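Note that the structure is a prediction, hence the values are computed from the model and not measured. By convention in this document, chain letters (A, B, ...) are assigned in the order of the sequence lines, proteins followed by strands, and residues within each chain are numbered from 1.
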4 protein chains.
Amino acid sequence: MTLPDGMVDDDAELISPATGRPLTKRGEATRRRLLEAAEVVFAEQGYHEASIVKITERAGIGLGTFYLYFDSKQSIFEALVIDLNRRVRHSMSEAMEGATSRLDAERAGFAGFFRFTAEHPALYRVVREAEFVSPEVLRLHYTRIVEGYEAGLRQAQEVGDVDRALDPETTAWALMGMGELIGMRFLLWERDADGRPPAQLDPVVFDGMTRLIDNALAPRTTQPEGPK
Amino acid sequence: MTLPDGMVDDDAELISPATGRPLTKRGEATRRRLLEAAEVVFAEQGYHEASIVKITERAGIGLGTFYLYFDSKQSIFEALVIDLNRRVRHSMSEAMEGATSRLDAERAGFAGFFRFTAEHPALYRVVREAEFVSPEVLRLHYTRIVEGYEAGLRQAQEVGDVDRALDPETTAWALMGMGELIGMRFLLWERDADGRPPAQLDPVVFDGMTRLIDNALAPRTTQPEGPK
Amino acid sequence: MTLPDGMVDDDAELISPATGRPLTKRGEATRRRLLEAAEVVFAEQGYHEASIVKITERAGIGLGTFYLYFDSKQSIFEALVIDLNRRVRHSMSEAMEGATSRLDAERAGFAGFFRFTAEHPALYRVVREAEFVSPEVLRLHYTRIVEGYEAGLRQAQEVGDVDRALDPETTAWALMGMGELIGMRFLLWERDADGRPPAQLDPVVFDGMTRLIDNALAPRTTQPEGPK
Amino acid sequence: MTLPDGMVDDDAELISPATGRPLTKRGEATRRRLLEAAEVVFAEQGYHEASIVKITERAGIGLGTFYLYFDSKQSIFEALVIDLNRRVRHSMSEAMEGATSRLDAERAGFAGFFRFTAEHPALYRVVREAEFVSPEVLRLHYTRIVEGYEAGLRQAQEVGDVDRALDPETTAWALMGMGELIGMRFLLWERDADGRPPAQLDPVVFDGMTRLIDNALAPRTTQPEGPK
DNA sequence: AATGAATGAGAATTCATTCAT
DNA sequence: GATGAATGAATTCTCATTCAT
């Protein structure tokens, strides 16, 4: 499993939607403060409960200033999702660096994903809510993650590490779905007294999932009952 | 995989939130009309775009009447999600009736789920949106589905049809996550010119998923590299 | 000069823009209170300084109620202009009733117009401001007045009371323009200490204007120097 | 009819409202660019739709710079109206030069006024809008025009070219009102496919108006029925 | 049991003006 | 002289909910 980062260009020069001109250094700092505030507010309150006033207040910035940097509530939300996508992919590819086997890489990739989810539980909610706020940007999010996953699977199939009968695209989406629901169920729903999720997945669950995935991907030694 | 219906009692006598008394026959009919209108409106417009007026207008009922049957917008939404949950589970268990093998049952259960999703794409969206409207009711939804799934897995493990090393709860959630994302990606995102999703999943995807699950669940013949 | 009232239908049944249904009696009363409040507020503050809150506060009505009766600030403004148009035409035709000669009718018509302007000075401002708020409705206003005027001129030409060489349409617009500017200058600009305009036009001005119009319309006895 | 230009001093030295000191040559150029931009923007969009940013952007000047030259949006608007007043009066007096008779002068004056209106329809709209933005400056506008008109009428009365029974002030205002409404109706409302008004007034209208005015002003040969 | 007029808190957004650079 | 980021008061409009009929 590889997540070739940089496949997508996230570094385009930032433009003020109000003036159409590139941001000055001061401007970039303000924009960043807004994004950070939005992260907290959207995460804590959800998209519809959040409001631009809440965001600017948290950012310690005048209300009108918001519109120098973002067109609307939706547009800062989208910017935030894209930002989170970049970070979760980074967390995953970082975790996978130095993996020595396919299984190791799998395990590490999921561990990276779960760690990000556990550390930013509320942020993960933001991503999922995007389905109802900005479906296009959610597609982008999932697609970017799957692309890397799928490429890794193909490579592993070539060297015989993964069952060649599996369709890589289907498999990639299926595995991501697994990860999402497991993360939701066993991290986001398992809050302690302070409302914090566990720092990491329960080992029973993590190992159970690892075994499941290992089973699923391993090349078959004997030919099982064929499909249909 | 079994979905023991009736595990949850959906047939409690209906009470008017306004008067606190049970509904008359006429009242029940009005309530039903409201729910049916809500189904269409929430499905077409989503929770936040929907409004009580739109629902009562569609139901051909006075605005004030709404509050004789439901406490709030959220409460009719929740009632609807519970109704949909019942129906999707019914679609799945119906599909599984008469399956002769574990694999067959798996396949049929997923097929039932996908059929429901394809036939009521917007309704399924309602269920997913519940995560942000009423998290408790979404948990209920998932949990009810998983419960049946998990029970089925345990039985299959006992008779040796499923790898005994798998944790049934983890596995059930993982498989449901797979199903969800596959359904989202290959049904909900694949609209034709009229915006209708395909009537059923692309066979490549369906077979790919079946193989993946079959791999994942099958008892191992040889002992693979164990988890760290 | 005749102002055949009823040429335009102002009595169409009133419809709620929110529900699309005809107004109940209670609804009509509320609508009327809003229009009366709007009259005062627009007159005192002008269109842009006026606000929907100011209107509803003055009407002693909840803010949200406004939108049950009017779509927007502009739409109540337009309704008001149409209402004023009806009233100024009524004031004019009433004044002209019982005039025995053409000159008498002229004089009475203008007197009616000036009386209305003097009694509702600020309202007259509303009409003029319509040019910049809703040009279509202003056209309607002027056109409705001119239509009656023009018809009267044609009749008077037929019986030889008015110079047949005059173009009736041009003449009607010209006379209305006269009346407007005279009213503006010698009524609206001539406020007393309390900001009230004079109850009627200075006789010097009124007589001066009467003579001017009488000159202008009278059939010529000798043929003057013809137009180029 | 004469329009003694220069009756009002438009050439006072320009002062920066920010520093209180006279403008440098560079400053005067910037001020001029702002006024030119304001002319276009106010004309195209009207006072309330116009904004300082639009003006400075059009002028190619920084937003903050605006306040070095004008106190406020209203003050640049007023400066513009005064400028337009100068130009429309110039257009009129230029047209009247070389008129040989009173009637000729009348006709030429109105023609000059209509030519300006036809050539700068949007600018003329600016002047009319002044009534609601800055009533004082509109009074100034009208008064300056009327003053010249009235002086001309008095002279003509002295030499017997104009009915001595007419009140010159009333007459001047009445004639200006005529011109305004005729211009509005037959120039500003008569746009072609491109939204351009006709280059000049329809001859039927122009001649009709000329006859009307000629009738109105001509000394009476026989004594008509006197005013009540 | 049914109705729909009334409500007002709350949201997004605009823009003239200020002021530190 | 010139700049443009920052500001926040003010505005329009929505809609879940109440309540008198």
Side-chain angles (χ1 to χ4, degrees), chain A residues 16 18-19 21 23-27 29-31 48-56 60-74, chain B residues 16 18-19 21 23-24 26-27 29-30 48-57 61-74, chain C residues 16 18-19 21 23-27 29-31 48-54 56 60-74, chain D residues 16 18-19 21 23-24 26-27 29-30 48-57 61-74 76:
Chain A
S16 160
T19 66
R21 272 184 291 213
L23 260 45
T24 63
K25 190 164 285 179
R26 184 183 177 192
T30 307
R31 191 189 125 102
H48 286 95
E49 284 305 299
S51 77
I52 294 178
V53 189
K54 287 174 185 166
I55 293 172
T56 52
I61 272 177
L63 169 56
T65 309
F66 177 90
Y67 292 91
L68 296 178
Y69 298 95
F70 298 96
D71 278 333
S72 62
K73 183 172 152 183
Q74 174 155 339
Chain B
S16 161
T19 65
R21 275 186 295 191
L23 295 181
T24 65
R26 183 181 173 196
T30 307
H48 285 95
E49 285 305 298
S51 76
I52 310 281
V53 186
K54 284 174 187 163
I55 292 171
T56 51
E57 259 172 10
I61 273 174
L63 167 56
T65 308
F66 177 89
Y67 290 89
L68 298 180
Y69 297 95
F70 297 96
D71 277 335
S72 63
K73 183 178 171 183
Q74 177 158 334
Chain C
S16 159
T19 66
R21 271 184 290 212
L23 259 45
T24 63
K25 190 164 284 179
R26 184 182 177 194
T30 307
R31 192 188 125 102
H48 285 95
E49 284 305 299
S51 77
I52 294 177
V53 188
K54 287 174 185 166
T56 51
I61 272 176
L63 169 57
T65 308
F66 177 90
Y67 292 92
L68 296 178
Y69 298 95
F70 298 96
D71 278 331
S72 61
K73 183 172 150 181
Q74 173 154 340
Chain D
S16 161
T19 65
R21 276 186 295 192
L23 294 181
T24 65
R26 184 183 172 193
T30 306
H48 286 95
E49 284 305 297
S51 75
I52 310 281
V53 185
K54 284 174 187 164
I55 292 171
T56 52
E57 258 172 12
I61 273 174
L63 167 58
T65 308
F66 177 90
Y67 289 89
L68 297 178
Y69 297 96
F70 297 95
D71 277 335
S72 62
K73 183 178 169 182
Q74 176 158 336
I76 193 174

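- With values rounded to the nearest 0.5 angstrom, D/His48 atom NE2 is found 6.0 Å from D/Lys73 atom NZ.
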Q) Could you write out DNA chain E as a dot-bracket string, with dots for unpaired bases, | for bases paired across to another strand, and Watson-Crick or G-U pairs counted at under 3.5 Å? A) .||||||||||||||||||||
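- Taking the side chain as every heavy atom from C-beta outward, A/Ile52 and A/Phe70 never approach each other to under 4.5 Å.
- Residues forming a side chain to side chain contact (heavy atoms under 4.5 Å, CB included) with B/Thr30 (at least two apart in sequence, or on another chain): B/Ile61, B/Thr65, B/Tyr69.
- Atom CZ in A/Phe70 sits about 16 Å away from atom C1' in E/dT13, given to the nearest Å.
- Within 6.0 Å of atom CD in A/Gln74, more than 12 heavy atoms from other residues, nucleotides or ligands are found, so the atom counts as buried in its surroundings.
- Between atom CG of residue C/Leu68 and atom CZ of residue C/Arg31 there is a gap of 12.5 Å, rounded to the nearest 0.5 Å.
- Considering every non-hydrogen atom in both C/Glu49 and C/Lys54, the closest pair reads O-NZ, 2.7 Å.
- Atom OH in D/Tyr69 sits roughly 12 Å away from atom C1' in F/dT3 (whole-Å rounding).
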Q: Indicate for each nucleotide in nucleotides 15-21 of chain E, in 5' to 3' sequence, whether protein heavy atoms under 4.0 Å reach the base (B), only the sugar-phosphate (S), or nothing (-).
A: -SBB---
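- Place C/Thr30 and B/Gly62 on DNA chain E by their nearest nucleotides, and B/Gly62 ends up nearer the 5' end.
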